[in-house]
J.: 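Okay, handing you the structure first.
These numbers come from the heavy atoms of this one structure, side chains and all, not from hydrogens, waters or symmetry mates. Letters A, B, ... mirror the listed sequences (proteins, then strands); counts begin at 1.
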Protein chains: 2
Amino acid sequence: MIYAMDTEELKARARVMRALASPVRLRIIEELRHGERCVCDLQPLFPRNKSTLSRHVAELRHLGVVGERREGVRIYLRLLTPCVLNMFDCAMGVVRVEAKRQAALLE
Amino acid sequence: MIYAMDTEELKARARVMRALASPVRLRIIEELRHGERCVCDLQPLFPRNKSTLSRHVAELRHLGVVGERREGVRIYLRLLTPCVLNMFDCAMGVVRVEAKRQAALLE
DNA sequence: GTATTGTTGCGCAACAATGCAACAATATAT
DNA sequence: ATATATTGTTGCATTGTTGCGCAACAATAC
């Protein structure tokens with residue numbers, strides 16, 4: 001039995017997952033877990049050109065995971081969909097399952 | 001205040017998210033939600049060369065999201081970490097939030 | 001005007017997805 | 001045992017996508 005599934009919905013899901021598939025963007029989200037931060041607060045976390053960080057932030061904003069609020073010259077970011085934090089528990093669960101499987105192969 | 005965060009863990013999470021960031025792989029997972037399937041069952045879902053599907057499946061297997069069981073000439077796949085299904089609800093939540101935001105901008 | 005904060009265009013290098021063709025593994029028929 | 005069919009994998013080349021730095025720009029504040 002094969003089930004039907006809307007292609008556009010699959011693409012939409014993939015876009016969201018893709019936005020989260022980067023250590024830099026995951027680090028940003030981890031930081032925003034603790035409250036609002038401006039981009040300049042995040043900059044010291046990354047040994048990267050500021051343009052690169054700006055693009056990572058833009059990706060999260062455009063996708064709707066992160067919201068923004070301008071205050072003078074700074075732009076403050078916040079997490080709009082905290083449920084993404086729950087995803088990480090599952091992600092680490094996957095990592096653990098795989099680690100166990102690898103360990104079992106060695107016996 | 002800036003919090004510490006292990007780089008390797010971030011990379012591990014990103015690898016899991018990356019494996020899920022593909023409409024093809026998400027479609028495979030959706031199908032496995034309903035039980036075991038062999039690769040040949042999945043083939044008709046994709047207008048792709050079988051080598052391509054094989055690689056997508058391999059990516060999910062190597063990551064530990066999907067397990068395999070050989071039965072004669074067929075290889076049956078199953079979902080090892082069903083929690084990934086919960087991720088999709090959140091992903092669609094993100095999509096809805098963004099849709100609302102876009103709608104609000106039009107007013 | 002200058003300083004600070006963030007964005008955008010451009011080019012490059014690394015990576016990912018795909019098809020094709022050849023291959024490996026199992027099952028079955030002769 | 002050899003051949004043939006079915007199912008899936010792997011090497012290779014091509015094409016497309018992503019991440020990055022640099023430099024120039026925009027927006028706000030003073």
J.: Quick one: which residue pairs count as a ring-ring contact (aromatic ring centres under 6.0 Å, His included) with a foot in residues 63-103 of chain B, not counting sequence neighbours?
T.: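 Non-adjacent pairs meeting ring-ring contact (aromatic ring centres under 6.0 Å, His included): zero.
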
J.: What distance do Leu77(A) atom CG and Ile28(A) atom CD1 have between them, rounded to the nearest 0.5 Å?
T.: 8.0 Å

J.: Would you jot down, in residue-number order, the residues of residues 3-23 of chain B having a non-hydrogen atom under 4.0 Å from DNA chain C?
T.: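 Of all residues in residues 3-23 of chain B, the ones placing a heavy atom under 4.0 Å from DNA chain C are Arg18(B).
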
J.: So which pairs with a foot in residues 34-75 of chain B pass disulfide (SG to SG under 2.5 Å), sequence neighbours left out?
T.: Cys38(B)-Cys40(B)

J.: For Lys100(B), enumerate each residue passing the salt bridge (charged side-chain N to carboxylate O under 4.0 Å, His left out) test, keeping only those at least two apart in sequence or located in another chain.
T.: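 By the salt bridge (charged side-chain N to carboxylate O under 4.0 Å, His left out) rule, Lys100(B) matches no residue at all.
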
J.: Quick one: list whatever passes ring-ring contact (aromatic ring centres under 6.0 Å, His included) with His62(A), sequence neighbours left out.
T.: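 ring-ring contact (aromatic ring centres under 6.0 Å, His included) list for His62(A), sorted by chain: empty.
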
J.: Return each pair, listed once, that meets salt bridge (charged side-chain N to carboxylate O under 4.0 Å, His left out) where at least one residue sits in residues 12-24 of chain A; pairs must be two or more places apart or across chains.
T.: Glu9(A)-Arg13(A), Arg13(A)-Glu30(B), Arg18(A)-Glu59(A)

J.: Tell me, please, the opening and closing nucleotides of DNA chain D, 5' to 3', among those with an atom under 4.0 angstrom from a non-hydrogen atom of chain B.
T.: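 It runs dT6(D) to dC12(D).
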
J.: Mind checking side chain to side chain contact (heavy atoms under 4.5 Å, CB included) for Thr81(A) and listing every partner two or more places apart, or none if nothing turns up?
T.: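 Side chain to side chain contact (heavy atoms under 4.5 Å, CB included) check on Thr81(A) returns Val65(A), Cys83(A), Val84(A), Val94(B), Val97(B).
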
J.: What pairs meet the ring-ring contact (aromatic ring centres under 6.0 Å, His included) rule with one or both residues in residues 16-42 of chain A, with sequence neighbours excluded?
T.: His34(A)-Tyr3(B)

J.: Roughly how many Å is it from CZ in Arg69(B) to C1' in dT26(C), rounded to a whole number?
T.: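 Whole-Å distance recorded here is 15 Å.
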
J.: Which residues, if any, of residues 26-56 of chain B bring a heavy atom under 4.0 Å of DNA chain D?
T.: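 Of all residues in residues 26-56 of chain B, the ones placing a heavy atom under 4.0 Å from DNA chain D are Cys38(B), Val39(B), Cys40(B), Lys50(B), Ser51(B), Ser54(B), Arg55(B).
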
J.: Sort and list the pairs that fulfil salt bridge (charged side-chain N to carboxylate O under 4.0 Å, His left out) and have at least one residue in residues 36-53 of chain B, not counting sequence neighbours.
T.: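 Every salt bridge (charged side-chain N to carboxylate O under 4.0 Å, His left out) pair that includes a residue of residues 36-53 of chain B, provided the two are not neighbours, is Glu31(B)-Arg37(B), Glu36(B)-Arg69(B).
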
J.: Take the protein atom CD1 of Ile75(A) and the nucleotide atom P of dT4(C), then report the distance between them rounded to whole Å.
T.: 17 Å

J.: Taking salt bridge (charged side-chain N to carboxylate O under 4.0 Å, His left out) as the definition, give me every residue that meets it alongside Arg74(B), ordered by chain and number, with sequence neighbours left out.
T.: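 For Arg74(B), no residue satisfies salt bridge (charged side-chain N to carboxylate O under 4.0 Å, His left out) once neighbours in sequence are set aside.
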
